[in-house]
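These numbers come from a predicted model, not from an experiment.
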Number of protein chains: 2
Amino acid sequence: MRRVTIKDVAKAAGVSISTVSNALNDVDVLNPETKLHVLNVVKKLNYVPDLNGKLLKSGKTKMLGFFTTSVAGPYFYTLVESMSRECDRQGYGLNVIVTKDHKVIMGNILGGRVDGVIVFEELKIDEKDIAAMERNKIKTVFLDRIVQNETMGSIIFDSYVAGYEATKYLISLGHKKIAYISGVDTMFDSVQRREGYLAALREHQFPVDENYILQGYFEEEGSYNAVKSFLHMHPGKVPDAFLAGNDLSAIGCIRALKSQGYEVPQDISVVGFDDIEIAQYFSPPLTTVRNQIARQGILVIEHLINMIHMKEQGKVQKLAGELIVRGSSHVKLDRNYKV
Amino acid sequence: MRRVTIKDVAKAAGVSISTVSNALNDVDVLNPETKLHVLNVVKKLNYVPDLNGKLLKSGKTKMLGFFTTSVAGPYFYTLVESMSRECDRQGYGLNVIVTKDHKVIMGNILGGRVDGVIVFEELKIDEKDIAAMERNKIKTVFLDRIVQNETMGSIIFDSYVAGYEATKYLISLGHKKIAYISGVDTMFDSVQRREGYLAALREHQFPVDENYILQGYFEEEGSYNAVKSFLHMHPGKVPDAFLAGNDLSAIGCIRALKSQGYEVPQDISVVGFDDIEIAQYFSPPLTTVRNQIARQGILVIEHLINMIHMKEQGKVQKLAGELIVRGSSHVKLDRNYKV
DNA sequence: CTTTACAATAAAAACGTTTTTATGATTTAT
DNA sequence: ATAAATCATAAAAACGTTTTTATTGTAAAG
């Protein structure tokens, strides 16, 4: 049984296909009776317009494409969920393409299957690809790097501000000796967070002690070792607080502190970044700076659709983090004051 | 700057468009020299075939559509991740449509934008819709209900067996007063699990007490409240064990129990379903029945693509769960026995 | 040599729409 | 009363491909 097309409807209704099209698309040029008649035939034949024929003519797919190497984990599903909802709200669909196949990626992007593109996928799309996309005026939003031109923008987290705000928060609790557990020095986020931390210290005229910057490699184990060996080597200068490069580091840090008999947060406050899922279930629950993922998703779609509608050119937006205060941080207690 | 089409390539290469098409699609009818020449021009002009023109002709989009009301939470992202990978492996793309708009859903399904459909979306698609899909021979796999005909199949978890087995496990630990924290009554899984639970009770001639069936709505908060108010209203009949409709409910349940001074698992055992990521990090680590979600994702795509390739007719597959015993369950201790 | 077969390429049809242009019948204006 | 404007609908073109059919020119067969 063949698909019912507009032709079949036209024949059955005894009109031309243009009349059927007009009736369906509410073009007010038709005799109301004709229109009604056509719509009745449409219903009787269970006709549903083929979207492919439609889009071939219009050139618009009403679909956005999200290209990524994975959708696993809380970051991604929150992002996808939020993007999807915003797409739906604006009458678009979201195409999630999970692949590492460069040919598939570029074929889909340049092949006109989507009206706009969201890219999260480190390193795979190189300068040449971006040039090709720019040439074809493919509207694009990048999530993992900064690109900006007429048809391309970026929405990234402001790790600098996050580091700065987290440090200021610790200072506001009365802490004076604040250590930072660094991640990987080649990573943008890690460096930015540290710079924010240093800026906050400088602003308050706190001395910057190089020894207070540990290397935790963004991992629980690395952080655990770094903190433990620090405590061992500098028993006289135990910090009031640790700012860990991410939540995993914070967990490692807390474990190390506990193993040496310190209480968190009574003796020492610890703050992390990311608000990973276990953060709230950890003991103590982590104070951390959360990426506003859902908000990022909405901004991405808004910006993309604005570019598609030519209401906006590509721009770079930085999203501030959100401090979630939980149990791992505490106002500094006077040493002589017994709880 | 207009899009580069096959016409432009033909003109630039001095050949017909059919020759260009043949060169691109590796039809071995062309003079090798001609082919090479054409491909060079293609490269020079940065021509990329428009997928829409292509699919209009072929009638194949090489896209599968996943229709759902949400992608949030570990179940969905694991499923989407696994389906995506399998799609990618088989040369398909996955279209994730998150919407509650019935018109959008049916328009996309019947509009031929995808070659196959995966549906997870309670209640929205009714019998009439299914009839329309069957009439149009839309290849479909349902995840939340049983449908079977030539072009439609289902892959579901055997929640009944899971509920039954989990309950039997609790009974085997010596528990007698087992409560069930229900999810949403309109959801197939929730009902099935409860039926399995009831069947196990009946099999052991345990009385079924309606008060022991709480409403947790598949959420931590809902479960927390349900358990807390139960303990408040029936202080005399505290259960030995709770079977929670999913892991989130189990967590809410344990929190509620702890807040009232009960120890898990020493005083009360708690078992959940799903084995979400935090299940193993929770304190205590959750005993739970694991859905083989990743496996389900692969089976879905396999079945769907088989139907598309006419290698298979619709079938119903039930996937058994797997009991993961962790710290939240414990053999029943005699009340007089002091640990 | 002429016919037939074949190879290589070009031309045309098709996919299902929307949109532009054309046509014929009324109505309005002069 | 005739030309112009309007209305309702039909016909045709277009979107970018693939596929089918047609047209060459050349080689093999008789």
ask   = Distance-only, no hydrogens or angles: does the B/Asp101 side chain make a donor-acceptor pair with backbone N or O of B/Lys103 under 3.5 Å?
value =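 The answer is yes, because a donor-acceptor pair under 3.5 Å joins these two groups.
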task = Check whether any side-chain N or O of B/Asn52 sits under 3.5 Å from a backbone N or O of A/Leu56 as a donor-acceptor pair, and report yes or no.
result =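 Not at all, since once roles are kept as given, no pair shorter than 3.5 Å links the two residues.
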Are [X] and [Y] packed together at the side-chain level, in the sense that at least one heavy-atom pair is separated by less than 4.5 angstrom?
X        : Y       : value
B/Val96  : B/Val71 : yes
B/Ile298 : B/Met83 : no
A/Asn46  : A/Val48 : no

Can I get a per-line list of side-chain donor-acceptor pairs under 3.5 Å for residues 304-313 of chain A, giving both atom names and the distance, sequence neighbours left out?
from, atom 1, to, atom 2, distance (Å)
A/Asn306, ND2, A/Glu302, O, 3.4
A/Glu312, OE1, A/His303, ND1, 2.6
A/Glu312, OE2, A/Lys315, NZ, 2.8

ask   = If you find the nucleotide of DNA chain D closest to B/Leu24 and the one closest to A/Asp28, which residue's nucleotide is nearer the 5' end?
value =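 Mapping each residue to its closest nucleotide by heavy atoms, the 5'-most match is A/Asp28.
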query = Is the shortest distance from a Lys or Arg side-chain nitrogen in B/Arg3 or B/Asp50 to a carboxylate oxygen in the other one below 4.0 Å?
reply =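 Yes, this pair counts.
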query = Would you call A/Lys35 and A/Asp26 a salt bridge, using N to O less than 4.0 angstrom?
reply =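 A/Asp26 and A/Lys35: salt-bridged.
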request  = Have a look at the helix from C/dC1-D/dG30 to C/dT30-D/dA1 and give the angle its two end axes make, five pairs each, rounded to 10 degrees.
outcome  =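 Here the local axes at opposite ends form an angle of 70°.
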request  = Can you run down the ring pair (Phe, Tyr, Trp, His ring centres under 6.0 Å) pairs that involve residues 70-119 of chain A, sequence neighbours left out, and say none if there aren't any?
outcome  =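 For residues 70-119 of chain A, and leaving out neighbouring residues, the ring pair (Phe, Tyr, Trp, His ring centres under 6.0 Å) pairs sorted by first residue read A/Tyr75-A/Phe120, A/Phe76-A/Phe120, A/Tyr77-B/Tyr77.
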task = Look at all strands and tell whether B/Gly111 reaches a base, only sugar-phosphate, or nothing, counting heavy atoms closer than 4.0 Å.
result =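 If one applies the 4.0 Å heavy-atom cut-off, B/Gly111 turns out to touch nothing in the nucleic acid.
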If we count only N and O atoms by modelled type, under 3.5 Å, do the side chains of [X] and [Y] hold a donor and an acceptor together?
X        : Y        : result
B/Ser21  : B/Ser18  : no
A/Ser70  : B/Glu81  : yes
A/Gln292 : A/Gln296 : no

query = So B/Thr99 and A/Arg85, side chain to side chain contact (heavy atoms under 4.5 Å, CB included) or not? Walk me through it.
reply = CA-CA 7 Å; B/Thr99 185; A/Arg85 290 201 183 289; over 6 Å; no
List, with names and distances, any nitrogen or oxygen atoms from the protein found under 3.5 Å away from nitrogen or oxygen atoms belonging to nucleotides 4-8 of chain C.
none

ask   = Heavy atom of residues 44-59 of chain B under 4.0 Å from DNA chain C: which residues?
value =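 Output list: B/Leu56, B/Lys57.
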key: Nucleotides bounding contact with chain A, strand DNA chain D, heavy-atom threshold 4.0 Å   =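 With heavy atoms of chain A under 4.0 Å away, the range is D/dA8 to D/dG16.
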